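To start, the structure under review is shown below, and the notes come after it.
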Amino acid sequence: MRKIGTITAACVMIAMLILSGCTNNSNNNAANSTNANANATTENTPAEASGPVTISVFANQDSSNNQSLSENAFTKKLEEMFNIHFNWTTVPFDGAPEKRKISLASGDYPAVFLLVAYIDHFTQGELLKMGQQGVALPLNDLIDNYAPNIKQVLESNPEYKAMNLAPDGNIYGLNGLSACYHCSFPNKMWVNSAWMKKLNIQTPKTTEDFKKMLEAFKNDDPNGNGQQDEIPLSGSTETFGVHVVPFLMNAFIYDDDHSYLLMKDGKVDFAPNKAEWKAGLQYIKSLYDEGLIDPGAFTQNASAFQKIGENTPQLLGAGAGMHPAIFVNIGDGNKYSKDYDSIPPIAGPDGTTYATYNYTGNPGASFVITNKASREEQIAAIKALDYIYSFQGQLEANSGIENVDWRKPQAGEEALDASMEPQWFPIPGKQGEKPRNNAWGSLGQYNLSAEFRGSQVQATDIYAESGYERRLFDATKNNYDGKQPSQVFPHWGVWIDPSNADEVSMMQTNMINYVEQNELQFITGNKSLDKDWDAYVKGFDNLNLNGYIEHMQKAWDSSAFSKQ
């Protein structure tokens, strides 16, 4: 089962499989943002110095594509624009967190940390400790005076601001805004619509409908080979929406697939000790007992999951996942990708039906200015980052050079979000072409806003590889958005008091491990829901569930969310 905090795997999978572009006023917004930055850079700029301002930077460098930050085209553009020179200390992705911690522990750390968030980032607890120690400098005044783009993004995105604003009112670092619409609803269910059509099955609306569909997949030979070899439902163990339990449990009680916390009228509660959770487990166990859930879903990784999805003859009836490329090849000419469509959340016996919502992004920070930076270096660093927060700057940081790495739209092309004007199209590399070193890519993803992502040109054929992001956007909009609870515990943006952080982290890990271990035992029959449920609930006392909820309530009460 999944361990807490392993969002890295999800981001890596998304980065590999999804296009990086994943209002009618978008053009005006982009122009205004860039103009605001241009004005800011003409005042109090380090260009008045006799030579470039040198900024020491610790950064993650993607050695897999021969990236060289010192020779990178976007690096050189920033250096020219702001009369600065980056003195890079680069580390490869492998072992990056350890190297960053060693740098800090040695005392020989840089003026700026610039990290790839899904590889390494400062946790909220680390930021608070570094802030209290004076190592991480508050960015509030720098943002107010020199970073209009960053300020605008923070003020216009309450959840993003809450993730970056510590309870003491300081911003000790910044993480990237990633308005990945489809990622926000990770626990989707993708069903073999070709099999449904062949067996004359309507889209399931209830738990009973869903069970009957799986029974038909198992028993009615939809792959036509005369054998009962079909796998009705499968998944895997990583964190990118591939667990089979949440979609099913959400027909009984809200399962966020992360913290298992609930919110009601500003009060924090816990789902897995409720009678509704038990009813959900009983339903899921009934599917498992009939052989409708692949036992491997609880033990296998995504690679094994994809072997099932790509098997010939076709075996998979339904797959849990943020997107189907996790378990089938979505490249042009693929065998099965077009066969899988998402279905809305199903309703339980009392009508409960939820979709899991999770704000995308890594709590903490990937950009930090330390006390090793002079005032001149602080101003230069925040101005350079502020350019990345402009539409044009994000386009160049993320994608590269116009007409080499991206181009402007052509007549007839459509934006991913139909409500927006198309503004850019990523130019894919040619087969055998040497990797380009024109953009920072993941290192520079700081404002992947809804406008930026939604204005990317995207093909209209959702089953073509070039239309894949539209397929995910449409599935989310049509089937999941709006079905999350009115209040979701925002685990991504609550800050734990540093004095309690280690204790709370241990409590949270123990709580989640206990839930998931028992969840599996109840489903597979190693424990009885009739005989062992009460002992399971009593076991939370030994883990100090009440104390854990008190800590999380305190974190909620001190967060920016509670004041919105």
Side-chain angles (χ1 to χ4, degrees), residues 1-4 6 9-10 185-191 204 206-207 210-211 213-214 231-262 270-302 304-305 316-322 326-327 342-349 352-358 480 483-485 488-489 491 511-527 529 532-533 536:
M1 304 293 281
R2 175 269 290 125
K3 304 295 183 186
I4 187 168
T6 53
F185 294 86
N187 296 99
K188 301 180 181 70
M189 184 62 64
W190 301 89
V191 172
T206 67
T207 49
F210 191 79
K211 185 174 184 178
M213 178 191 71
L214 296 183
I231 297 174
L233 170 61
S234 193
S236 63
T237 59
E238 295 88 352
T239 58
F240 25 92
V242 287
H243 303 152
V244 297
V245 169
F247 180 86
L248 305 173
M249 186 61 74
N250 274 321
F252 297 85
I253 189 172
Y254 184 59
D255 179 358
D256 74 348
D257 196 27
H258 187 91
S259 70
Y260 302 119
L261 294 171
L262 304 171
F270 194 64
N273 62 348
K274 302 290 187 289
E276 295 89 344
W277 191 272
K278 180 181 180 181
L281 290 177
Q282 288 170 328
Y283 170 70
I284 299 168
K285 181 179 180 346
S286 76
L287 302 182
Y288 185 87
D289 288 347
E290 290 190 28
L292 304 179
I293 299 178
D294 173 22
F298 301 103
T299 58
Q300 69 193 4
N301 60 22
F305 187 16
L316 187 62
M322 183 184 291
I326 295 167
F327 58 85
S342 70
I343 61 171
I346 51 178
T352 297
T353 176
Y354 291 125
T356 297
Y357 174 79
N358 180 39
Y480 298 94
K483 296 181 174 65
Q484 67 270 36
V488 175
F489 182 77
H491 58 81
M511 209 75 61
I512 289 173
N513 288 343
Y514 182 75
V515 168
E516 296 183 347
Q517 289 166 5
N518 280 274
E519 176 182 272
L520 181 57
Q521 290 178 310
F522 283 130
I523 292 170
T524 59
N526 290 327
K527 282 189 176 182
L529 282 164
D532 299 319
W533 176 260
Y536 158 74

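Bear in mind the structure is a predicted one, so any value in this text is a computation, not a measurement.
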inquiry  = With side-chain contact (heavy atoms from CB on, under 4.5 Å) as the criterion, how do Phe327 and Val242 come out once you've worked through the C-alpha distance, each side chain's angles and the decisive distance to 0.1 Å?
reply    = CA-CA 10 Å; Phe327 58 85; Val242 287; over 6 Å; no
Check for a donor-acceptor pair, side chain of [X] on one end and backbone N or O of [Y] on the other, with a separation under 3.5 Å.
X      : Y      : result
Thr237 : Gln300 : yes
Asn250 : Asp255 : yes
Tyr260 : Val515 : no
Glu238 : Ala302 : yes

inquiry  = With side-chain contact (heavy atoms from CB on, under 4.5 Å) as the criterion, how do Phe247 and Ile343 come out once you've worked through the C-alpha distance, each side chain's angles and the decisive distance to 0.1 Å?
reply    = CA-CA 10 Å; Phe247 180 86; Ile343 61 171; 4.0 Å; yes
Do [X] and [Y] come within less than 4.5 Å of each other through their side chains, counting heavy atoms only?
X      : Y      : value
Asn518 : Gln521 : yes
Tyr536 : Leu529 : no
Thr239 : His258 : no
Leu287 : Val244 : no
Phe270 : Leu261 : yes
Tyr283 : Lys211 : yes
Lys278 : Phe522 : no
Val191 : Met213 : yes

Quick one: pull up [atom1] in [X] and [atom2] in [Y] and give me the separation to the nearest 0.5 Å.
X      : Y      : atom1 : atom2 : answer
Asp256 : Asn358 : CG    : CG    : 7.5 Å
Lys527 : Leu520 : NZ    : CG    : 11.0 Å
Met249 : Glu519 : CE    : CD    : 6.0 Å
Ile523 : Ser286 : CD1   : OG    : 10.5 Å
Trp190 : Ile326 : CH2   : CD1   : 9.5 Å
Asn187 : Thr356 : CG    : OG1   : 4.0 Å

message = Using the side-chain contact (heavy atoms from CB on, under 4.5 Å) definition, which of the options Val245, Ile231, Ile284 pairs with Ile293?
response = Ile284
What closest approach, in Å, do [X] and [Y] show between heavy atoms, and which atom pair accounts for it?
X      : Y      : answer
Ala318 : Met189 : CB-SD, 4.1 Å
Pro295 : Tyr288 : CB-OH, 3.9 Å
Ala251 : Thr207 : CB-CG2, 3.6 Å
Pro485 : Ala355 : CD-O, 4.1 Å
Tyr254 : Ala271 : O-CB, 3.8 Å
Pro345 : Lys483 : CD-CD, 3.5 Å

inquiry  = If you count heavy atoms of other groups shown closer than 6.0 angstrom to OH of Tyr354, is the number above 12?
reply    = no
query = Taking the six-membered ring for Trp, are the ring centroids of Tyr480 and Tyr357 within less than 6.0 Å of each other?
reply = no
inquiry  = Pair Trp277, Trp533 - check side-chain contact (heavy atoms from CB on, under 4.5 Å), show working.
reply    = CA-CA 11 Å; Trp277 191 272; Trp533 176 260; 4.1 Å; yes
